[in-house]
Amino acid sequence: MSSSALPGFRDFYPDELARRAHIFRAWRAVARRYAFVEYDGPPLEPLDLYTKKSGDEIVGQLYNFVDKGAREVALRPEMTPTFARMVGARASALRKPVRWFSIPQLFRYERAQRGRLREHYQLNVDIVGEASEVADAELLAVALDVMRELGLTAQDVRARVSDRRLLNGILLTLGVSDAQVPAVYGVVDKCARQPRELSAEKLAKAGIAPELVERILAIASGITFEAVRAEFGEAPAAAEHVARFARYLAHLDALGVGEWVVLDLSIVRGLAYYTGIVFELFDAKGELRAICGGGRYDTLLHSLGGVDLPALGFGMGDVVLGELLNDRGLFPPAGDDAIDFQLVAGNGAGQHSYAEALGLVTTLRRAGFSVAHGLNAERYLGQATRNQVDAAKKAGVSAAIYYREDGTAEAISLLGKMNGALTHTMDAAAALAGEAGVMMGLRDWLQQQRDTARH
RNA sequence: GUGGCUGUAGCUCAGUCGGUUAGAGCAUCGGAUUGUGGUUCCGAGGGUCGCGGGUUCGAUUCCCGUCAGCCACCCCA
């Protein structure tokens, strides 16, 4: 091989692009259904857009370089800083709440592995200017409706939700001191990925009393919201957060996604980033990395030097999602963008010149059909019809079209099994003239062939 | 960045205890004497056996390095 894509980068051959397009279609359809509008920004940004708040250590993860104008630049690793800048620049003019989505290609300089490349596409959905938990519910409903749109069910995907404030309230009620909270977060975040003994050891080291260690680990490794409400619903430090979370769950039910959602207080996600309700989407079998993650980041816009507005959002990448759809066989077979017709010579094709036959092709294309032909006049006139038909079928063509010597043009379905109503005959002169009625009849016939082939 | 496993045709894989021109299936291309069904038959193209070095009369095979991929860490998306 003379060359291949850079490590962690993908070539999208037509089959793969079709799968990507399938995902993008679902993303756009659902985002628009929820009344979000699409935006985009530059894929290349000043390096300091990312180092300003994250520090210089993030540079190790960035695809950065110096451009010919001696500017330090980086391919965008995430969309939020760009989004924050764009919203900040017009904050006072934008109608609130802002409901925007984008499908950026993002880059990271890291070792590639399954579900994790140096480049991916990510649906970003953000809301700015609404502090109510109704917005949190709306946001998660978008993510879950994308799953549904792609054919996944509550049996395939789980939304694990948490709330930093709720966890904080619980910990304070249990007697954890403010100073101990960060250490506890660190343990809780890793709870599922490290041995229980190690977690217990770390909590002990943070000064947590032995009996409390067990309580914390039990809460972190799975507790229902009902249990939380029963135990902490009246506690002064937690009551407000329990009540808010209850309203959140009720809104999720009302939006029709309640059955996907489970409480999981071990979801911490990016200690510095989120301020309220957070969530992650996982495949229910737990085989893959997170499909999607997001939550509320009320202070981020302000800390990035922008306006002081509450905000929330999520990112959903195409890589893990694509693997899940592939595992579940949920990518549609090729066919939605099948070619409508291919010109095929029949008996006595020589009666017409190739140019005449191409006239029919041109007319059909102008009427909106997709039409292929062999691009070789000698082969059109000389190759066995059987071979031409076979080639058309293999190319995914729905119907062969013959330009016959008897003054007719005939379409013959290449879909499904042989049965009646396989052919559609038209007056060649009328077809060549592109008469509306003839074209409409042809379109109806083709649609009918596809409908019957599907069942 | 750390560790483990794996690199043979476009894809999935055989094979070579170190020995002449490295194989199969699928896919691709051409044909089966000009109107038909994902079938069948015939034929063709396609591999510097990841790359570099070492040992050897001889390396795709053994050894070392390197690159890439996968997996687990780290970290996040």
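All of these numbers come straight from a predicted model, not from anything done at the bench.
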For [X], answer base if it contacts any base atom (sugar-phosphate contacts may also be present), sugar-phosphate if it contacts only those atoms, and nothing otherwise; contact means non-hydrogen atoms under 4.0 Å.
| X | result |
| --- | --- |
| A:G396 | nothing |
| A:A112 | sugar-phosphate |
| A:L117 | base |
| A:E110 | base |
| A:E410 | base |
| A:R379 | sugar-phosphate |

Residue [X], side-chain heavy atoms: nucleotide from [options] that is nearest:
| X | options | result |
| --- | --- | --- |
| A:P7 | B:rU28, B:rG69, B:rA32 | B:rG69 |
| A:Q61 | B:rC75, B:rA32, B:rU2 | B:rC75 |
| A:K393 | B:rG38, B:rU36, B:rC76 | B:rG38 |

- Item | A:Y109, OH atom: more than 12 neighbouring heavy atoms under 6.0 Å | no
Checking base pairs now: Watson-Crick or wobble, both atom distances under 3.5 Å. What partners [N]?
| N | value |
| --- | --- |
| B:rU2 | B:rA72 |
| B:rU56 | none |
| B:rG43 | B:rC29 |
| B:rG23 | B:rC13 |
| B:rG18 | none |
| B:rG65 | B:rC51 |

- Would you mind telling me which residue lines up with the more 5' stretch of RNA chain B, A:R108 or A:L6, judged by nearest nucleotide?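 By nearest-heavy-atom nucleotide position, the 5'-most residue is A:L6.
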- Message: Quick check on RNA chain B: between A:R111 and A:P77, whose nearest nucleotide comes earlier from the 5' end?
- Response: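 With A:R111 and A:P77 compared, the 5'-side residue is A:R111.
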- B:rA32 phosphate, OP1 or OP2, under 4.0 Å from A:N387 side-chain N/O: yes
- Item | Interatomic distance at C1', B:rU56 relative to B:rC73, whole Å |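 After rounding to an integer number of Å, I get 41 Å for this pair.
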- Task: Using the P atoms only, state how far B:rU55 lies from B:rG46, rounded to an integer number of Å.
- Result: 34 Å
- Query: Is the side chain of A:S370 donor-acceptor paired with the backbone N or O of A:D340 at a distance under 3.5 Å, no angle test?
  - Reply: yes
- Check: A:Y63 ring centroid to A:F9 ring centroid under 6.0 Å: yes
- Can the ring centroids of A:Y121 and A:F24 be said to lie less than 6.0 angstrom from one another?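 Yes: the rings meet the under 6.0 Å criterion.
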- Message: Check the orientation of A:F83 and A:Y39. Use parallel for under 30°, tilted for 30 to 60°, and perpendicular for over 60°.
- Response: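 A:F83 and A:Y39: tilted rings.
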